Amino acid sequence: MPQRNDASLVTPRDAYECTRLANLHPASWNNPKPAGPYELVIVGAGPAGLVAAETAAALGAKVALIERHLIGGTCLNTGCVPSKSIIRTSRLYAEMADATRYGAQIPDAIRVDFAATMERVRRIRTHLSGSESIRRLAAAGVDVFFGHARFVGVNALMVDDAKLSFKKALIATGARPHVPSIPGLKEAGFLTNEKIFDLTELPRRLLVIGGGPIGCELAQAFCRLGAQTTIVQDKPFFLPMEERDAAQILSDAFARDGIEVRLNTKALGVRVEAGQKLVDLISDDYRNTIAVDAILTGVGRAPNVEGLNLEAAGVDYEAGNGVRVDDFLRTSNPHIYAAGDICLEHQYGHTAAASARIVVRNALFRGRERWSALIIPWCTFTDPEIAHVGLYVREANRQGIPVKTFTIPMHDIDRAVADSEETGFVKIHVKEGTDRILGATIVARHAGDMINEITLAMVAGIGLRTLARVIHAYDTQAEAIVKAAHACNRMHPKPTTKRQQLKP
Ligand SMILES: Cc1cc2nc3c(=O)[nH]c(=O)nc-3n(C[C@H](O)[C@H](O)[C@H](O)COP(=O)(O)OP(=O)(O)OC[C@H]3O[C@@H](n4cnc5c(N)ncnc54)[C@H](O)[C@@H]3O)c2cc1C
């Protein structure tokens with residue numbers, strides 16, 4: 001575990017990384033003398049911890065925030081921010097490679113500058129680290145402690161030698177990459193999201209193990225940057241959560257990109273020979289071996305429960321599933337709450353932030369806000385993007401809710417055609433016989449942006465027919481949502497609507 005002021009916290013040590021370190025874990029930092037008891041002590045300064053600290057401090061609470069590594073947590077340092085930055089550059093290269101489709105010519109062969117790509121990632125991450133910096137937290141009145149937090153009772157914890165007592169606490173320690181138990185993997189060496197953004201040289205041949213969101217996003221990005229990429233997934237499809245037609249579109253897109261897709265395939269073992277990693281694979285009964293230069297594992301996340309001494313605090317947890325919480329995000333100790341990846345099924349930056357806001361209201365203001373009342377969208381930022389909100393049809397079926405689905409293919413949308421981005425669809429599910437939106441899946445270049453309109457409608461209780469009355473600027477890809485709404489309107493024309501249409 002990295003210790004305070006450890007120079008290995010960031011690599012490579014260029015000017016960007018030194019600034020990031022100064023923003024997120026300065027060498028000169030001295031922990032304050034604990035005030036006590038705190039109204040809220042927060043363990044972990046990722047999106048959940050940061051949102052809780054800033055919100056609680058802004059409302060006047062005396063808050064302490066403890067971080068053992070870098071402020072910003074996974075999202076800023078090794079997750080959302082660097083992955084979206086590298087995806088943007090990889091998309092640019094993919095578009096340049098496809099220039100003739102857009103009537104453009106690239107005079108010479110495209111040369112990927114991987115070092116410059118990664119420098120841009122570091123520049124963006126450092127720029128954004130300014131808004132999550134220690135200076136900002138201190139200015140907000142938050143007491144920031146660097147070090148490993150460990151509970152020593154139901155109302156107290158230790159950070160190094162300092163004891164902090166609290167009225168309420170929040171565990172927001174997040175998760176780390178789960179490392180699959182493949183014989184020889186550790187000895188051969190492998191990458192996770194914690195190391196891949198430190199690369200300065202592109203691996204010539206990359207094996208990505210895992211076809212969930214992290215594996216899919218990074219496999220496509222590295223392939224588009226020029227790595228000969230193979231992705232193995234032990235299931236018959238990618239993104240197991242998503243609807244099958246959405247996952248199939250992604251498989252097809254990967255094949256077009258030149259990714260070697262191995263579904264129903266497991267990595268059995270890894271060995272190193274003549275400087276290359278040899279990976280034994282099995283697909284059904286077929287065994288073969290591939291040679292690669294780097295292996296990236298993206299097979300899930302393990303909650304950071306170890307070393308917190310949760311037993312001393314009376315907090316129930318499971319090593320694989322994290323801290324157990326009720327619908328109010330309270331743990332088995334009524335003074336201690338949890339938020340973010342440490343306790344949630346849906347592990348995203350926005351769910352971490354949303355859960356932290358609930359905790360502040362419930363813990364400090366006797367709120368009774370329920371996690372289950374939220375409507376949460378998410379997106380996998382591949383090309384095309386795959387976004388979802390609400391119920392899947394299978395879930396509605398399980399709950400006995402009759403479903404009517406309106407599907408608009410993106411090739412029916414003028415802007416998608418104009419952009420040569422016709423792959424995908426907008427699919428909106430309503431309760432049969434009504435226009436109440438149950439859920440939606442969007443597969444499109446900008447699905448992550450488009451899903452927010454459906455989420456807004458669901459949160460505000462706006463039916464799909466009402467969306468037909470919302471004038472959308474022409475020419476946008478979100479017109480697909482309006483078309484779905486018009487299709488719903490045509491199925492259930494209201495008498496008033498018919499009369500209005502007949503008026504001159
Ligand atoms: C490659 C990748 C891409 C992603 N892309 C997206 C995306 O596009 N959109 C999205 O919404 N989400 C994305 N995510 C998920 C997102 O990063 C996480 O869901 C989010 O960071 C969770 O926030 P958190 O606050 O719960 O935990 P974290 O961000 O993990 O923060 C937890 C913090 O707690 C600290 N900590 C742990 N134990 C202790 C201890 N005992 N004492 C003190 N400190 C401790 C850790 O050092 C860490 O800083 C991505 C994740 C990855 C890996």
Side-chain angles (χ1 to χ4, degrees), residues 1-4 9 24-25 31 41-53 64-88 121 132 144-151 157-160 164 169-178 191-197 208 210 212-219 221-222 296-310 313 322-323 329 338-356 359 376-382 385-387 448:
M1 179 190 320
Q3 296 304 306
R4 291 189 56 198
L9 283 172
L24 304 179
H25 191 145
N31 284 346
V41 164
I42 300 162
V43 186
L50 283 173
V51 164
L65 176 65
I66 306 156
E67 172 55 55
R68 68 180 179 192
H69 189 24
L70 294 170
I71 288 171
T74 306
C75 192
L76 171 66
N77 296 293
T78 60
C80 329
V81 169
S83 63
K84 265 72 268 176
S85 307
I86 200 172
I87 284 170
R88 181 67 188 91
V121 171
E132 298 191 356
V144 179
F145 295 80
F146 283 109
H148 180 85
R150 192 171 57 84
F151 286 91
L157 53 73
M158 302 290 294
V159 185
D160 298 336
L164 279 68
L170 166 62
I171 303 169
T173 50
R176 60 185 185 281
H178 170 74
L191 299 163
T192 65
N193 66 294
E194 292 184 346
K195 280 282 156 223
I196 196 154
F197 302 111
V208 178
I214 295 173
C216 286
E217 288 183 7
L218 292 177
F222 273 78
L296 168 69
T297 66
V299 288
R301 315 262 306 149
N304 289 324
V305 285
E306 294 79 8
L308 281 168
N309 200 22
L310 292 172
V323 169
L329 300 175
D341 285 6
I342 189 66
C343 62
L344 298 180
E345 185 194 347
H346 298 306
Q347 298 186 327
Y348 298 99
H350 52 279
T351 47
S355 58
V359 166
I376 296 165
W378 57 79
C379 183
T380 300
F381 295 93
T382 43
E385 297 176 351
I386 299 183

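One-based numbering, in listed order, for ligands and for the atoms of each. Quick caveat: nothing in here was measured; it's all calculated off a predicted structure.
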Give one line per pair: atom of ligand 1, protein atom, distance. Only N/O to N/O under 3.5 Å.
from, atom 1, to, atom 2, distance (Å)
ligand 1, 5 (N), K84, NZ, 3.2
ligand 1, 8 (O), K84, NZ, 2.6
ligand 1, 11 (O), G349, N, 2.8
ligand 1, 11 (O), H350, ND1, 3.3
ligand 1, 12 (N), G349, N, 3.1
ligand 1, 19 (O), D341, OD1, 2.9
ligand 1, 19 (O), D341, OD2, 3.2
ligand 1, 19 (O), Q347, O, 3.4
ligand 1, 19 (O), Y348, N, 3.1
ligand 1, 19 (O), Y348, O, 3.4
ligand 1, 21 (O), C75, N, 3.3
ligand 1, 25 (O), P47, N, 3.3
ligand 1, 25 (O), A48, N, 3.0
ligand 1, 26 (O), D341, N, 2.9
ligand 1, 29 (O), T74, N, 2.9
ligand 1, 30 (O), T74, OG1, 2.6
ligand 1, 41 (N), H148, ND1, 3.4
ligand 1, 41 (N), A149, O, 3.4
ligand 1, 42 (N), A149, N, 3.1
ligand 1, 44 (N), R68, N, 3.2
ligand 1, 47 (O), E67, OE2, 2.6
ligand 1, 49 (O), E67, OE1, 2.7
ligand 1, 49 (O), E67, OE2, 3.0

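The OG1 atom of T173 sits 9.0 Å away from atom NE2 of H148, with the distance rounded to the nearest 0.5 Å. Summarising the geometry, atom CG belonging to N193 is positioned 4.5 Å from atom OG1 belonging to T78; distances are rounded to the nearest 0.5 Å.
No side-chain heavy atom of L218 sits less than 4.5 Å from a side-chain heavy atom of V208.
For the pair R176 (side chain) and P303 (backbone), a donor-acceptor distance under 3.5 Å is present.
For E217, the side-chain hydrogen bond (donor to acceptor under 3.5 Å, both in side chains) partners at least two apart in sequence or on another chain are K84.
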* Test side-chain contact (heavy atoms from CB on, under 4.5 Å) on L164 and I66 and set out the steps. => CA-CA 10 Å; L164 279 68; I66 306 156; 4.1 Å; yes
